[in-house]
Amino acid sequence: MQGLSLAAYACDPARSRGRRIPEPAAPTRSEFQRDRDRIIHSTAFRRLVYKTQVFLNHEGDLFRTRLTHSLEVAQLGRSIGRSLRVDEDLVEAIALAHDLGHTPFGHAGQDVLDDCMKAHGGFEHNLQSLRVVDQLEQRYPAFDGLNLCFETREGILKHCARRNALLLNAAEPGGVAARFLTGGQPSLEAQLCNVADEVAYNAHDIDDGVRSGLIGLDQLASAVPLVQHYLRETLGEFPTLTGKRLLFETIRRMLSAQVYDIISATDAALAAAAPASTDEVRTLPALVAFTPAMRAASTELKRFLFAQLYRHPQVQDTRVRAEQVLRDLFAIYLADPCQLPADHAVSADHPRACADYIAGMTDRFALREHLRLTGHSLF
Ligand code: MG
C-alpha cells in the first residue's frame with residue numbers, strides 16, 4: 001500500500017464499480033492489487049517478453065520488448081501517480097496490461113492483422129488487450145479471462161472505434177466502452193498511463209535507435225530542440241562525456257523533465273477543476289497532460305522518430321517481411337482450421353479465432369509457425 005492517502009479524485013479500490021462476476025474481497029490485498037497480480041500471472045503477460053516494439057526480438061538482446069516497455073510505463077506511471085496521490089496499484093495494473101493485446105512484430109503486426117480482418121470486424125490492439133483480460137485467458141475455474149475490475153478494464157481500453165464501442169456497449173450497457181459514445185474521459189489513473197506510455201516509448205526508442213546505429217545522437221539533437229537542450233546541459237556539466245553515458249544521461253534528464261512537467265501541469269489542472277470524485281473526473285476534459293510547451297516538444301520528438309527511425313529503410317525492410325509472415329499465417333489458418341490448435345479450431349467465429357491465435361503469438365513463435373506451414377524462412 002502507498003504511504004500517502006489517496007486524493008478525493010483518485011480511484012478508491014474500496015469503491016470500485018466491481019468485477020463482471022462478483023467475487024469475495026481478498027483478505028489482505030486491495031481490488032486493484034489483486035488485478036495487478038492476476039495480470040502478472042497471466043500467460044499473455046509472459047509472452048510480452050518475446051514481442052517487440054520497433055526491433056524484432058532476434059535483432060538484439062538489449063532492445064526493448066513489450067515486457068520491458070510495460071515495466072517502464074509502470075515505473076513512470078507509479079512515480080507520477082504517487083505524487084498526484086492517485087491509486088498506484090491501479091496505475092501499475094493498467095500499465096502492465098496495456099499492451100497485452102499487441103500482435104507479434106509491433107505495429108506492423110497490428111496493421112496487417114487489421115487488414116486481414118477487414119471483412120470480419122477488423123483488429124484493434126487496445127480492444128484485443130481487453131479481449132485478453134475479459135475472455136482469452138483461461139486460468140480460472142469459474143470464468144473466462146481474469147475478471148478484472150471496471151477501473152482496470154476502463155484503463156486498458158485506451159482507444160476504441162465507434163463501431164466497436166457500439167458492440168461492446170450493447171453487451172455491457174454503460175460499461176467500459178460507453179465513454180467512446182458519450183465523449184467522457186477515463187479515470188486519472190488511466191489518463192496517466194496514456195501519457196506515461198508516450199514518455200516511455202519516446203525515450204526508449206531514442207535509446208534503442210541510437211544504440212542500433214540507425215539514428216545518431218547528434219542528428220537527433222540538431223533536429224529536436226528537446227534533445228539538444230538536455231545534451232547541451234549534460235555536456236556543460238560533463239564536457240568530456242561521450243558514447244553510451246552521454247546518451248543515457250541526456251535521456252535521463254529528458255525523462256525527469258517530462259515527469260516533473262506532467263506532475264506540475266496536472267497539479268495545476270487538478271487545482272483549477274477541483275474534481276471531488278473519480279466520477280467527476282470522467283465528466284471533465286483530460287486533466288493529466290504536459291504543459292503546452294512540453295506537448296509541442298514531445299510532438300516534435302515523435303515526428304523525428306517516425307520519419308527517421310520507424311520509417312528507416314532497415315526497419316521498413318523488416319516490417320515488409322513481418323507483414324508477409326502474418327498474412328501467410330492468416331490465409332493458411334483461415335483456409336484450413338485443422339492447422340490451428342484444437343481449442344481455436346472449433347470457434348463459432350473462425351476468422352476471429354485466427355486473429356486471436358496470431359495476435360497471441362510471440363515474434364519467434366510466429367516465425368517458427370510460418371516456417372512449419374510454408375517451408376520458407378523470411379528472416
Ligand atoms: Mg505501450
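None of the values given here were measured: they were computed from a predicted structure. Numbering of ligands and ligand atoms starts at 1, following listing order.
- In summary, His102 places no N/O/S atom under 2.8 Å from the Mg ion (ligand 1), failing the contact criterion.
- Applying the side-chain hydrogen bond (donor to acceptor under 3.5 Å, both in side chains) rule to Gln75 yields no partners; only residues at least two apart in sequence or on another chain are considered.
- The main-chain N or O of Asp144 is never found under 3.5 Å from a side-chain atom of Glu137 such that the two would form a donor-acceptor pair.
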Item to check | Chi angles and distances behind the side chain to side chain donor-acceptor pair (under 3.5 Å) call for Asn194, Gln191 | outcome: CA-CA 5 Å; Asn194 289 348; Gln191 293 180 31; over 6 Å; no

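- Look at Arg36 and Glu31 and you find no salt bridge, because none of the NZ, NE, NH1 or NH2 atoms lies under 4.0 Å from a carboxylate O.
- Angle NE2 (His69) to the Mg ion (ligand 1) to NE2 (His98): 90°, rounded to 10°.
- Sorting the N, O or S atoms of Asp197 by how far they are from the Mg ion (ligand 1) puts OD1 first.
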